[in-house]
Amino acid sequence: MPELPEVEVTRRGLAPDLVGCRLTGTVVRNPALRFPVTPALDSLVGQDLLGLGRRGKYLLFEFDAGSLIVHLGMSGSLRLLSAATPAEKHDHVDLVFGERVVRLRDPRRFGAVLWQPGRAEDHPLLAGLGPEPLSEVLDGPWLYQATRNRSAPIKQVLMDARTLVGVGNIYASESLFRAGIDPRTSARCLGRVRCARLAQAVRDTLEAALVAGGSTLRDFIRSDGSSGYFQLQHFVYGREGEPCRVCGAPIRCLRQGNRSSFYCSRCQR
DNA sequence: CTCGCCACCTGGGGGC
DNA sequence: TGCCCCCAGGTGGCGA
């Protein structure tokens, strides 16, 4: 489900209403997410939320003693609701802030809710992550250097969080289309020019998706319950057989690492 | 190291 | 209708 734009849209939707508020309760209806939900969420009750951060696709609820790390997996969403709203199926975890509640819904239960004392970046899941794609770091020279000893297809290297965080299956396909690069190209075969084009394409794609509120295909909804609409602007993702928006050739689909990759064989070489 | 593949889990859609 | 198989936005962990 959520890639960087969807997670960031969620963060921006929640932060203005929650930062500075006191956590007054927690509810764990089903702790069996990808990892067991951190026991004793209760110990956070009474603490003030100092900030709501993000690292890659992880949301960081920052308290004085550490951070509650939340990952939305494939099908997770966080909504801000009245605390009186009845929970429904797949509503696994609540963070209650007085009259309001942040509710995690995650049908597939690939998400995670983990407590990390101290600095969130010290958590083992976050420690090995690559740089943020919307930071100053991502540019042509950096991408060129980062791909030199990577023989895997560029699509899979883009989706590897140790290379770069935040780019998942949708935005990898979309970024490669915008850069005019075939997703099967070995990463190390990209020259400086194509690396520069791809770095810019990743930034442009993620920023355009952010502006559109992310992509809503199945499960993703914003914290206020509304949908993102970037899916209406997808050039290739989910468009197999439909005409390329640039050249009209039919969009093709192939499997890479057991994931679908969509591309235009005329625009991408 | 890196790569390629499997696993986790539920639900929706298509084909028969 | 019902059943079965495939597919889905992520990513840790395994063996090669």
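Computed from heavy atoms alone, side chains included, the values below leave out hydrogens, waters and symmetry copies. All chains are named by letter (A, B, ...) in the order of the sequence lines, taking the proteins before the strands, and each is independently numbered beginning at 1.
- For the OP1/OP2 pair of dC9(B) and a distance below 4.0 Å, the side-chain nitrogens and oxygens of His90(A) include no atom meeting the criterion.
- In terms of phosphate contacts, Arg259(A) brings a side-chain nitrogen or oxygen within less than 4.0 Å of OP1 or OP2 of dG10(C).
- Rounding to whole angstrom units, CZ of residue Phe262(A) and P of dA8(C) are separated by 7 Å.
- A side chain to side chain donor-acceptor pair (under 3.5 Å) with Arg55(A) holds for exactly one of His123(A), Glu132(A), Glu121(A); it is Glu132(A).
- With rounding to whole Å, Ile69(A) atom CD1 is found 13 Å from dT11(C) atom P.
- Proximity of Pro183(A) to Gln268(A): side-chain heavy atoms (C-beta onward) are separated by under 4.5 Å at one or more points.
- Grouping the Ile, Leu, Val, Met, Phe, Trp and Tyr side chains by contacts below 4.5 angstrom, directly or via other members, places Leu4(A) apart from Val211(A).
- Between Glu88(A) atom CD and dT10(B) atom C1' the separation is 16 Å, expressed in whole Å.
- Residue Tyr171(A) is out of contact with every strand shown, counting any heavy-atom pair closer than 4.0 Å.
- At the phosphate of dG11(B), neither OP1 nor OP2 sits under 4.0 Å from any side-chain N or O atom of Ser75(A).
- When only modelled atom types and interatomic distance are considered, Thr85(A) and Arg103(A) share no side-chain donor-acceptor pair under 3.5 Å.
- Atom pair Asp106(A):CG and dA8(C):P shows a separation of 18 Å (rounding to whole Å applied).
- The aromatic ring of Phe110(A) sits over the base of dC8(B), with ring centres less than 5.5 Å apart and planes tilted by under 30°.
- Looking at heavy atoms from C-beta onward, Ser261(A) lies out of side-chain contact with Arg255(A) at the 4.5 angstrom threshold.
- A tilted orientation is assigned to the rings of Phe63(A) and Trp115(A), their planes being inclined by 30° to 60°.
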Between the protein and nucleotides 13-16 of chain C, are there any N/O to N/O pairs under 3.5 Å, and if so, what are the atom names and distances?
none

Original post:
Do Asp219(A) and Arg108(A) pass the salt bridge (Lys or Arg N to Asp or Glu O under 4.0 Å) test, and can you show the C-alpha distance, the side-chain angles, and the key distance before you say yes or no?
Top reply: CA-CA 10 Å; Asp219(A) 303 299; Arg108(A) 292 179 71 181; over 6 Å; no
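- Atom C1' of nucleotide dG12(C) and atom CE of Met159(A) are separated by 14 Å, given to the nearest angstrom.
- Between Asp48(A) and Arg22(A), at least one side-chain N (NZ, or NE/NH1/NH2) sits under 4.0 Å from a carboxylate O, which counts as a salt bridge.
- Taking a cutoff of 4.0 Å between a charged side-chain nitrogen and a carboxylate oxygen, Arg29(A) and Asp94(A) qualify as a salt bridge.
- Residue Met74(A) contributes atom CE, which lies 12 Å from atom C1' of dG11(B) at whole-angstrom precision.
- Arg255(A) comes within 4.0 angstrom of the backbone, heavy atoms only, and of no base.
- Rounded to whole Å, the distance from CZ on Arg109(A) to C1' on dT11(C) is 17 Å.
- Both key distances under 3.5 Å define a Watson-Crick or G-U pair, and stretches of 3 or more such consecutive pairs in DNA chain C run B:2-8 with C:10-16, B:10-16 with C:2-8.
- dC9(B) and dC3(C) are spaced 23 Å apart, taking the P atom of each and rounding to whole Å.
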**OP:** Under the salt bridge (Lys or Arg N to Asp or Glu O under 4.0 Å) rule, what do Arg12(A) and Glu8(A) come out as? Steps first, then yes or no, please.
**Re:** CA-CA 6 Å; Arg12(A) 292 181 186 181; Glu8(A) 179 64 15; 2.8 Å; yes
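- With Phe235(A) as the fixed residue, the ring pair (Phe, Tyr, Trp, His ring centres under 6.0 Å) test singles out one of Tyr263(A), Phe177(A), Phe262(A): Phe177(A).
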Tabulated below should be each protein N or O lying under 3.5 Å from an N or O of nucleotides 3-7 of chain B; please produce it.
residue, atom, partner, partner atom, Å
dC3(B), OP1, Ser151(A), N, 2.8
dC3(B), OP1, Ser151(A), OG, 3.4
dC3(B), OP1, Ala152(A), N, 2.8
dC3(B), OP2, Arg150(A), NE, 2.9
dC3(B), OP2, Arg150(A), NH2, 3.1

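- Taking a 6.0 Å sphere around CZ of Arg252(A), one finds it holds 12 or fewer heavy atoms contributed by other residues, nucleotides or ligands.
- Nucleic acid contact class of Tyr58(A) (heavy atoms, under 4.0 Å, all strands): sugar-phosphate only.
- In this structure, the CZ atom of Arg108(A) is 5 Å from the C1' atom of dA8(C), given to the nearest Å.
- For the OP1/OP2 pair of dT10(B) and a distance below 4.0 Å, the side-chain nitrogens and oxygens of Lys89(A) include no atom meeting the criterion.
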